[in-house]
Protein chains: 2
Amino acid sequence: MRKEKIPAATIIRLSVYQRYLKRLLAKGVKVVSSSELAYEANVNPAQLRKDLSYFGRFGVRGVGYDVASLLNTISGILGLLDEWRVVLVGAGPIGQALLRHPQFSRQGYVFEAVFDFDPTHIGRELEGGLVVQDLRNLPRVIQEKDIQLAVLAVPSEKAQEIADLLVDCGIKGILNFCTTRIRVPRGVSVQYVDFTILLDTLTYKISQSNTEGMDEHVKAGKPKWAREHSWPVVQSNVQKQGVTLTS
Amino acid sequence: MRKEKIPAATIIRLSVYQRYLKRLLAKGVKVVSSSELAYEANVNPAQLRKDLSYFGRFGVRGVGYDVASLLNTISGILGLLDEWRVVLVGAGPIGQALLRHPQFSRQGYVFEAVFDFDPTHIGRELEGGLVVQDLRNLPRVIQEKDIQLAVLAVPSEKAQEIADLLVDCGIKGILNFCTTRIRVPRGVSVQYVDFTILLDTLTYKISQSNTEGMDEHVKAGKPKWAREHSWPVVQSNVQKQGVTLTS
DNA sequence: AAAATAATGTTAAAGTGAGTGAAAAATGTA
DNA sequence: TACATTTTTCACTCACTTTAACATTATTTT
């Protein structure tokens, strides 16, 4: 049992590898090399081998990896061999769209219940058969159905309040679609899904490449802050991997 | 004009600062210190100042930052002083939910058109007044309305094909909700929104902390891969910032 | 059977970037 | 003028990422 630290980026890549392995398995491919899989996942082959080496030896030298076996191994590492039960809090457009997203159930995530605080939503049956419940039921349902994860898709103002409630109920992982940072105690993990931040990084990059070849004449038409100096684009190495705030 | 490299994480944090500055402005707050703003954004005050220092000097020593002025500065850096015109490709549940998402228009992103390849969708009027169009119109609309960004929310199999089309039409930034990596030429940026990868990292962390205090008796009930050795949790320093694949 | 080929596992090394702390500078106030 | 506050800036440390190179093992070919 080694006590080596595992980079966060490795875990994310494992998830990507897992997805492509599933597709290979579906296509009937039996064996895959690190080069082939790495090409699909858009990473360096050495990187893939190193990622796997944190956890053990799963390949056969001179041959490659058994697709089914490696898929099973990675799924196990990520904890995906079991089913994960999820509650959704917030039955707005985003929340409802997530319920219908096929990728979730494909990965073993099962929505067990939906909650909202808006009285006009409560009692309505959504596609998929779940009925929107009052938040008061949350603690009981989480315990009875042994829920482990929560998806938070409520207005920003309510985010912290409901996060606190979820933590009190014993939830250990929150996927947060709200545009506010939430504070949770140690031992609880949060992942943020924040569309506008991602769009903002796109506009930054595009703005940069636009002003890059711009001559002084054009620059003068830009607002004051832009006239001072032009900023370098984020270096291209980093384009492969951006960073996102999580917790 | 310095040629310093700007970390991708800095750009993301700028976006977060910008969001909180907006809220402060709305509350009528005139001046804010790096400590206050950093607390809101959940980062170190020194980090915030360092982030800003890449671009210039915007504060007043002994005082802090003028909220309105700093907001304007950061918006400028991110390229958000202008309006950004966006097309949506894929009128499924996710796509429709995004159209109704208030955060987009609040940031200056305007959906100008919606496209789909499913004939049963085409011609339908969605909430907000946009009518789903045939993909054949894409090139013309992008040129006529001078579209700069695209949101891609189609089934994975179509992702690359449509990305190619968008690139041909001159789109420079793509927000991709598909679960496939897409390949684009240099100069085009892609940001991925991938719920299941984020959920997978949550399940990894939770699985780890579960097996952590587990004795051998319990371990024996686990699948084979888990019995070999127990893996260390991703170190807690990194919990603040996860990494996500972008391009 | 030996050699050539192919592919993994592992180590090392270089580079990058993030976070932190403290001194210096500037501002406002008593 | 002296003092408190806060930004600015610099320097340092530490961790992570990536890549390359090489030893090792399996398969195929001659």
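Just so it is clear: chains get the letters A, B, ... in the order the sequence lines come, proteins before strands, and each one is counted from 1.
- Taking the ring centre of B:Tyr39 as origin, the terminal cationic atom of A:Arg181 falls outside the region bounded by 6.0 Å and 45° from the ring axis.
- Whole-Å rounding puts the A:Tyr54 OH to C:dT11 P distance at 12 Å.
- Geometric assessment of B:Arg13 against the ring of A:Tyr204 yields a negative cation-pi assignment under the 6.0 Å and 45° thresholds.
- For the pair B:Gln47 CD and C:dG17 P, the computed distance is 14 Å after rounding to whole Å.
- For A:Asn44 and D:dA21, the CG to P distance is 12 Å, given to the nearest whole Å.
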Within the sub-3.5 Å range, which N or O atoms of nucleotides 25-30 of chain D have a protein N or O partner, and how far apart are they?
residue: D:dA26; atom: O4'; partner: A:Arg61; partner atom: O; Å: 2.9

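- In this structure, B:Ser34 reaches the sugar-phosphate backbone alone: every heavy-atom distance under 4.0 Å involves primed, P, OP1 or OP2 atoms, never a base.
- Candidate nucleotides D:dT19, C:dT10, D:dT17 were compared by shortest atom distance to the side chain of A:Arg49, and C:dT10 ranks first.
- A:Glu36 and A:Ser33 share a donor-acceptor pair across their side chains, judged by distance under 3.5 Å alone.
- A straight line from CZ of B:Phe55 to P of D:dT7 spans 18 Å, rounded to a whole angstrom.
- Classification of the A:Phe104-B:Phe195 ring pair by plane angle, with boundaries at 30° and 60°, yields parallel.
- Atom C1' of nucleotide C:dT8 and atom CG of A:Leu37 are separated by 14 Å, given to the nearest angstrom.
- When only modelled atom types and interatomic distance are considered, B:Gln191 and A:Thr201 share a side-chain donor-acceptor pair under 3.5 Å.
- Distance, B:Leu52 CG to D:dT6 P: 16 Å, rounded to whole Å.
- In summary, the side chains of A:Gln160 and A:Asp164 do present a donor paired with an acceptor at a separation below 3.5 Å, with no hydrogens or angles considered.
- A salt bridge is defined here as a Lys NZ or Arg NE, NH1 or NH2 lying under 4.0 Å from an Asp or Glu carboxylate O, and B:Arg19 with A:Asp194 meets this definition.
- Comparing D:dT7, D:dT17, C:dG19 by their nearest atom to the side chain of A:Ala9 picks out D:dT17.
- For B:Lys50 against C:dG19, a side-chain-to-base donor-acceptor contact under 3.5 Å is present.
- Applying the 4.0 Å criterion to OP1 and OP2 of C:dT27, one finds that B:Tyr65 has every side-chain N and O outside that range.
- Regarding A:Leu48, its CG atom lies at a distance of 15 Å from the P atom of D:dT17, rounded to whole Å.
- Here D:dT7 is the nucleotide among C:dT20, D:dT7, D:dT18 with the atom lying nearest to any side-chain atom of B:Ser33.
- Among the atoms of the strands shown, only primed sugar atoms or phosphate atoms (P, OP1, OP2) are found under 4.0 Å from some heavy atom of B:Arg57.
- Protein atom CD1 of A:Ile6 is 16 Å distant from nucleotide atom P of D:dA15, rounded to whole Å.
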